[in-house]
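Note that this is a predicted model, so its numbers are computed, not measured. Numbers restart at 1 for each chain; the letters A, B, ... are given by sequence-line order, proteins then strands.
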Number of protein chains: 2
Amino acid sequence: MLAEDLLRLLGSTNRLRIVERLVAGECSVKTLEAELAIRQPTLSQQLGELRKAGLVIDRREAQSVHYSMAPDHIEQVQRVLSALNSADAQRSHKPKSETRPVHAAQFGRVLSD
Amino acid sequence: MLAEDLLRLLGSTNRLRIVERLVAGECSVKTLEAELAIRQPTLSQQLGELRKAGLVIDRREAQSVHYSMAPDHIEQVQRVLSALNSADAQRSHKPKSETRPVHAAQFGRVLSD
DNA sequence: ATATTATATTAGATTATGCTAATTTATGGA
DNA sequence: TCCATAAATTAGCATAATCTAATATAATAT
């Protein structure tokens, strides 16, 4: 995925909110729908865009489908998101030595370090 | 300017190329036109978008108009741009203690530190 | 099997975006 | 003044993006 594509994907309200939520941890479509107040088809379409770009992955569990950030991209996305806040400017991001699973609450932890 | 707006502005090929060039230093429209091979009206329109968002500033000098990154936003943009490259992940960006003019070649310098 | 819940897909309308061509405005020189 | 150069603006078009409503699919429970 090109840098430009990532920027474009994050440059729409709904997708940015979805990604911000997923960076905080895996979430079902149903929960996203409730938390973000985005209608189901819109949500499914935008999740589809993010999935097509490889930015998120999905996992079926019974009736529901759970989305989370793709491991390959979560760090990049975290860097970009925190780069947007100048308050966060002086914090360096840890290099990729920390290779444990980062599917949940990673962004929040970095912010509160 | 909202984070989303910055991401959207950077999420188009021409605007991203323009910003990448301006982060390297001030540039006239004419020079941008030649360097980026973007037609004059397109260039002027996209520069207008960037200017309207406060991301770039312009300065008239004789017949030509010179654009540069807005001081208020250059560091944020640099952070976002370098956040896109994982190779650059571990480099921290200097806090704003360094308050000298940063209108030229700032991004290149950071990359080659 | 049928119904229920969750998600995806399709179709369609509306709006936004990004380009080109043509024109206009601004500046400086002959 | 008249011309040349640089940049901005306008108009128009083609395409992309984004939403809603309706429908289809998937999984589960009764």
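- Between the C1' atom of D:dA17 and the CG atom of A:Leu10 lies a distance of 16 Å, rounded to the nearest Å.
- Between A:Ser44 and the phosphate of C:dT9, there is no side-chain N or O to OP1/OP2 separation shorter than 4.0 Å.
- Rounded to a whole Å, the CD atom of B:Glu4 is 13 Å from the C1' atom of D:dA17.
- Residues forming a side-chain contact (heavy atoms from CB on, under 4.5 Å) with A:Gln76 (at least two apart in sequence, or on another chain): A:Leu6, A:His73, A:Arg79, B:Leu84.
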At a cut-off of 3.5 Å, list every protein nitrogen or oxygen paired with a nitrogen or oxygen from nucleotides 14-17 of chain C, distance to 0.1 Å.
none

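- Across the protein-nucleic acid pair, A:Glu49 atom CD and C:dT7 atom P stand 19 Å apart, rounded to whole Å.
- Counting only heavy atoms from C-beta outward, the side chains of B:Ser12 and A:Leu7 never approach each other to under 4.5 Å.
- Considering only residues two or more places apart in sequence or on other chains, A:Asp5 meets the side-chain contact (heavy atoms from CB on, under 4.5 Å) condition with A:Met1, A:Leu2, A:Arg8.
- Between B:Lys30 and B:Glu33, at least one side-chain nitrogen of the basic residue sits less than 4.0 Å from a carboxylate oxygen of the acidic one, meeting the salt-bridge criterion.
- The salt bridge (Lys or Arg N to Asp or Glu O under 4.0 Å) test applied to A:Arg59 returns A:Glu26, A:Glu61, not counting sequence neighbours.
- Regarding A:Leu43, its CG atom lies at a distance of 10 Å from the C1' atom of C:dT7, rounded to whole Å.
- Separating the CG atom of A:Leu47 from the P atom of C:dT7 is a distance of 10 Å, rounded to the nearest angstrom.
- Each salt bridge (charged side-chain N to carboxylate O under 4.0 Å, His left out) pair with one or both residues in residues 37-48 of chain A, not counting sequence neighbours, would appear here, but there are none.
- OP1 or OP2 of C:dA6 has not a single side-chain nitrogen or oxygen of A:Tyr67 nearer than 4.0 Å.
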Solution key, residues 45-55 of chain A side-chain donor-acceptor pairs under 3.5 Å, sequence neighbours excluded:
from: A:Gln46; atom 1: OE1; to: A:Arg15; atom 2: NH1; distance (Å): 2.8
from: A:Arg51; atom 1: NE; to: A:Tyr67; atom 2: OH; distance (Å): 3.3
from: A:Arg51; atom 1: NH2; to: A:Tyr67; atom 2: OH; distance (Å): 3.4

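- Proximity of residues 27-37 of chain B to DNA chain D (heavy atom under 4.0 angstrom from any strand atom) is restricted to B:Ser28, B:Val29, B:Lys30.
- Proximity of B:Asn14 to the phosphate of C:dC19: a side-chain N or O atom is located under 4.0 Å from OP1 or OP2.
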Which atoms of nucleotides 21-30 of chain C (N or O only) lie under 3.5 Å from a protein N or O atom, and what are those distances?
none

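- For A:Arg21, the salt bridge (Lys or Arg N to Asp or Glu O under 4.0 Å) partners at least two apart in sequence or on another chain are A:Glu35.
- The interatomic distance linking B:Ile38 (CD1) with D:dA6 (P) rounds to 17 Å, in whole Å.
- Here the P atom of nucleotide D:dA17 and the CG atom of A:Leu7 are 15 Å apart, to the nearest Å.
- Remark: C1' of C:dT9 and NZ of A:Lys52 are 14 Å apart, rounded to the nearest angstrom.
- In terms of the side chain to side chain donor-acceptor pair (under 3.5 Å) criterion, residue partners of A:Ser28 (sequence neighbours excluded) are, by chain and number, A:Thr31.
- Across all strands, A:Ser64 comes closer than 4.0 Å only to sugar-phosphate atoms, never to a base (heavy-atom distances).
- Listed by chain and number, the residues in a side chain to side chain donor-acceptor pair (under 3.5 Å) with B:Ser64 are B:His66 (sequence neighbours excluded).
- The shortest distance between side-chain heavy atoms of B:Ile18 and B:Leu43 falls below 4.5 Å.
- Evaluation of the salt bridge (Lys or Arg N to Asp or Glu O under 4.0 Å) rule for A:Glu4 yields no partner, not counting sequence neighbours.
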